[in-house]
Amino acid sequence: MTEEKDWIKDLVIYQIYPRSFYDSNGDGIGDLPGILQKMDYLEELGVNALWLSPVFRSPNDDNGYDISGYQEIMEEFGTMEDWDRLRDGCKRRGMKLIMDLVVNHSSDEHPWFQESRTSRDNPKSQYYIWRDPVDGRPPNNWASAFGGGAWEYEPQRGQYYFHYFSKKQPDLNWASPQLREEILSMMEWWVDKGVDGFRVDAISYLDKPQDFPDSKLPPQPDGFSFPDCLAGRPGTHAYIREMNRRVYAPRNVLTVGEVSAPTVEELANYVNTSREEFDMAIPFVLPMVEIDTWSPEKLRRDAEESYAALKDQGWWARFFSNHDKPRQVSLYGDDGEYWEASAKLLGLFLHSLPGTPFVYQGEEIGMTNVKLPRIEDYDDPDTQNRYRQLLLSGASPEAALARAQLESRDNARTPMQWDNTEHGGFTTGQPWLKVNPNAREINVEAQRQDPRSIFHFYRRLIALRKERPALARGDLSFLDTGCNELIALTRSLPGERLLAVFNFSAEAHTLPARLLEGAGEALLSSYDRQGGCQGPALRPYEAALFPIN
């Protein structure tokens with residue numbers, strides 16, 4: 001990261017899933033004017049950057065991550081003039097505006113693909129990845145991430161096209177110089193319109209092995225195998241560096257890559273300053289993997305390893321929630337008896353780590369997972385596929401639904417809960433996805449009126465990052481607590497030292513008393529409603545932040 005990009009260290013980024021944020025016109029779908037109407041709320045929260053999930057023209061096979069017009073606004077979301085007003089509103093409030101960009105694939109309804117599919121010699125023929133049948137079958141055994149095979153036959157060309165995601169999301173052919181020029185010019189156009197940064201979706205898969213060998217990984221229940229040679233290839237990193245040289249670096253824009261990086265070493269390949277790729281990276285982990293492997297011990301270990309990997313060259317994107325994950329208080333905390341304390345603990349832990357914190361809409365009021373009663377109630381194609389795969393593997397419909405409910409990305413996509421009226425105040429119409437029934441109790445209006453709510457805890461937490469430089473820029477050290485469920489860490493700068501302690505457990509645990517020596521009165525406590533932290537004996541999901549004298 002260059003000196004001129006040092007500003008990213010002071011950001012707190014709020015992710016908006018526009019379809020579910022606020023509906024201004026009663027059609028059941030959130031929109032850009034709805035975001036504009038809630039800008040005072042975002043300013044009150046204290047965030048200083050907004051990341052919008054895709055708002056480009058799209059047929060919505062995958063909720064906007066299938067783009068059919070890169071320089072147009074989705075009709076359901078509003079107009080380009082609405083986007084201009086949002087940009088101007090951000091600038092007036094000193095907020096950065098970050099766009100979600102999908103350039104691994106487009107929609108099959110994009111004009112490029114409509115032309116590409118017509119023949120083998122049209123001007124857009126090489127914009128996508130086409131291969132001849134092999135013995136009358138698809139070119140290889142690769143699985144699509146959304147189920148079934150990763151190849152779809154196109155009779156007009158007599159060839160198959162490759163789609164790592166839905167068949168309506170054909171992969172773009174980054175080996176084509178003409179395609180790359182189209183993408184880079186489009187990025188420049190958005191920056192010229194006032195975009196401050198990009199979060200780039202599914203960026204690890206740009207370069208494809210031209211021989212498309214069969215995968216040697218075990219097949220999925222439907223018989224197809226996920227590619228074993230696709231993520232993080234050298235050509236992909238070369239394409240990212242080309243983006244950086246052409247668009248990012250000359251214009252001083254923030255860049256966040258969503259990457260497939262199972263190790264911190266691979267993550268560092270995307271963000272080490274000397275490699276000139278991204279400023280930060282968000283590693284994608286399958287919800288089923290995270291659910292089955294998460295523990296407080298693993299959380300601490302991962303934080304330590306990522307800190308060590310990037311502290312000399314790089315920066316961190318810190319998040320617990322986004323549109324692809326179950327709700328954090330349901331996944332890592334306790335959405336029952338200790339809902340409030342655990343939601344506050346998770347917020348404090350995340351914002352106590354070095355890096356740029358991301359707040360996903362609804363996280364600041366402790367929104368939880370939802371259990372929709374039927375698989376047909378789920379909109380997410382990944383959830384539908386997971387249910388099918390579980391049935392094929394022998395699970396009962398009841399067990400398959402229960403597991404799909406736990407993992408579903410729709411947990412994060414239910415509409416924002418603004419008040420206790422019908423549909424949570426999200427819309428006056430019929431919402432595109434059912435609102436969580438607990439909106440009656442968990443909503444913005446109730447929490448704004450309660451000075452000890454999760455919302456006001458987040459406000460104080462975000463303000464502290466601005467008041468206490470050690471929280472944003474200090475060195476990190478983890479302390480030995482003698483208990484896997486207890487985590488203690490310090491953030492230090494010359495002249496300032498802070499101590500944060502956490503009990504990631506539904507049982508009480510006691511910290512070694514020595515850790516609190518020199519600690520002043522707690523600046524924040526997940527038990528602030530009960531008078532704050534009382535000492536080394538930590539109650540279930542208790543967390544606190546102290547100055548060290």
Side-chain angles (χ1 to χ4, degrees), residues 143 145-146 202 204 217-221 225-228 230-232 258-270 281-310 316-336 338 342-343 345-347 349-350 352-353 355 358 360 363 368-369 371 380 382-383 385-387 389-390 393 395 399-412 478 481 483-487 489 502-507 509 540-541 543:
F146 290 164
S204 298
L217 293 177
Q220 298 296 295
S225 297
F226 284 116
D228 54 2
L230 194 56
E258 185 207 28
V259 304
S260 175
T263 67
V264 293
E265 291 79 16
E266 291 183 58
L267 182 69
N269 284 338
Y270 291 94
I282 293 176
F284 178 79
V285 179
L286 289 170
M288 61 182 176
V289 173
E290 192 155 18
I291 290 167
D292 292 339
T293 62
W294 183 85
S295 69
E297 184 180 15
K298 183 177 185 297
L299 180 68
R300 170 185 165 155
R301 184 172 64 251
D302 289 349
E304 281 187 298
E305 289 178 354
S306 67
Y307 178 66
L310 299 179
W316 306 265
R318 296 296 188 187
F319 68 99
F320 276 141
S321 294
N322 60 42
H323 64 288
D324 281 334
K325 299 183 61 175
R327 285 286 178 179
Q328 66 188 45
V329 72
S330 298
L331 178 57
Y332 307 114
D334 181 330
D335 58 13
Y338 300 110
S342 66
L345 171 143
L346 291 168
F349 184 81
L350 187 81
S352 294
L353 296 175
F358 287 67
Y360 180 68
E363 170 189 333
T368 69
N369 283 357
K371 291 185 178 179
D380 174 29
D382 190 52
T383 303
N385 173 54
R386 180 68 171 141
Y387 178 78
Q389 300 287 357
L390 287 164
S393 67
L401 177 61
R403 184 68 186 193
Q405 288 170 330
L406 187 64
E407 298 175 8
S408 177
R409 300 189 300 180
D410 280 347
N411 283 309
F478 283 93
T481 65
C483 173
N484 288 337
E485 283 75 33
L486 292 178
I487 297 177
L489 61 87
F502 308 89
N503 178 11
F504 276 88
S505 169
E507 299 178 2
H509 289 287
Y541 293 101

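- Interatomic distance, Ser321 OG to Phe358 CZ, rounded to the nearest 0.5 Å: 12.5 Å.
- Residues passing the side chain to side chain donor-acceptor pair (under 3.5 Å) test with Ser204, sequence neighbours excluded: Tyr270.
- By the side chain to side chain donor-acceptor pair (under 3.5 Å) test, Lys298 pairs with Asp302, sequence neighbours left out.
- Note: Leu406 CG to Ile291 CD1 = 4.0 Å, rounded to the nearest 0.5 Å.
- Partners of Tyr360 according to the ring pair (Phe, Tyr, Trp, His ring centres under 6.0 Å) rule, which considers only residues two or more places apart in sequence or in another chain, do not exist here.
- Residues Asp292 and Arg403 are paired through a salt bridge, judged by an N-O separation under 4.0 Å between the basic side chain and the carboxylate.
- Applying the side chain to side chain donor-acceptor pair (under 3.5 Å) rule to Ser306 yields the partners Arg318; only residues at least two apart in sequence or on another chain are considered.
- Across all non-hydrogen atoms, the minimal contact from Pro283 to Ala261 is CB-O, 4.4 Å.
- Side chain of Lys325 to backbone of Phe320: a donor-acceptor contact under 3.5 angstrom is found.
- Here the closest non-hydrogen pair linking Asn369 and Ser330 is N-OG, 3.0 Å.
- Looking at residues two or more places apart in sequence or on another chain, you find no salt bridge (charged side-chain N to carboxylate O under 4.0 Å, His left out) involving Arg327.
- Taking CZ of Phe319 as the start and CG of Leu350 as the end, the distance is 9.0 Å to the nearest 0.5 Å.
- Ser505 places no side-chain N or O within 3.5 Å of a backbone atom of Glu485 that could act as its donor or acceptor partner.
- Contact between Val289 and Thr293 at its shortest, heavy atoms only, is O-OG1, 2.8 Å.
- Every residue two or more places apart in sequence or in another chain that forms a ring pair (Phe, Tyr, Trp, His ring centres under 6.0 Å) with Phe146 is listed here: Phe165.
- A 4.5 Å side-chain heavy-atom check between Leu489 and Phe502 finds at least one atom pair inside the cut-off.
- Residues passing the salt bridge (charged side-chain N to carboxylate O under 4.0 Å, His left out) test with Asp228, sequence neighbours excluded: none.
- The CG atom of Asp324 sits 12.0 Å away from the CG atom of Asn411 when rounded to the nearest 0.5 Å.
- With sequence neighbours left out, Tyr307 forms a ring pair (Phe, Tyr, Trp, His ring centres under 6.0 Å) with Trp316.
- For Glu363, there are no salt bridge (charged side-chain N to carboxylate O under 4.0 Å, His left out) partners, not counting sequence neighbours.
- Scored by the salt bridge (charged side-chain N to carboxylate O under 4.0 Å, His left out) test, Arg300 finds Glu304 as partners (sequence neighbours excluded).
- Nearest heavy-atom pair across Ala143 and Pro227 is O-CD, 3.9 Å.
- The two residues Ala145 and Asn385 have their closest heavy-atom pair at O-ND2, 3.7 Å.
- The structure places CG of Asn503 at 7.0 Å from SG of Cys483, a figure rounded to the nearest 0.5 Å.
- Partners of Asp380 according to the side chain to side chain donor-acceptor pair (under 3.5 Å) rule, which considers only residues two or more places apart in sequence or in another chain, are Thr383, Arg409.
- Side-chain contact between Met288 and Arg386: present, with at least one pair of heavy atoms (C-beta onward) separated by less than 4.5 Å.
- Taken to the nearest 0.5 Å, the OH atom of Tyr332 stands 8.5 Å off from the CG atom of Leu346.
- Formation of a donor-acceptor pair under 3.5 Å by the Ser342 side chain with backbone atoms of Asp334 is found in this model.
- Scanning all heavy atoms of the two residues, the minimum distance from Pro221 to Gln389 falls at CD-OE1, 3.3 Å.
- Shown here are the ring pair (Phe, Tyr, Trp, His ring centres under 6.0 Å) partners of Phe226, two or more places apart in sequence or in another chain: there are none.
- The closest donor-acceptor contact from the side chain of Ser393 to the backbone of Leu390 lies under 3.5 Å.
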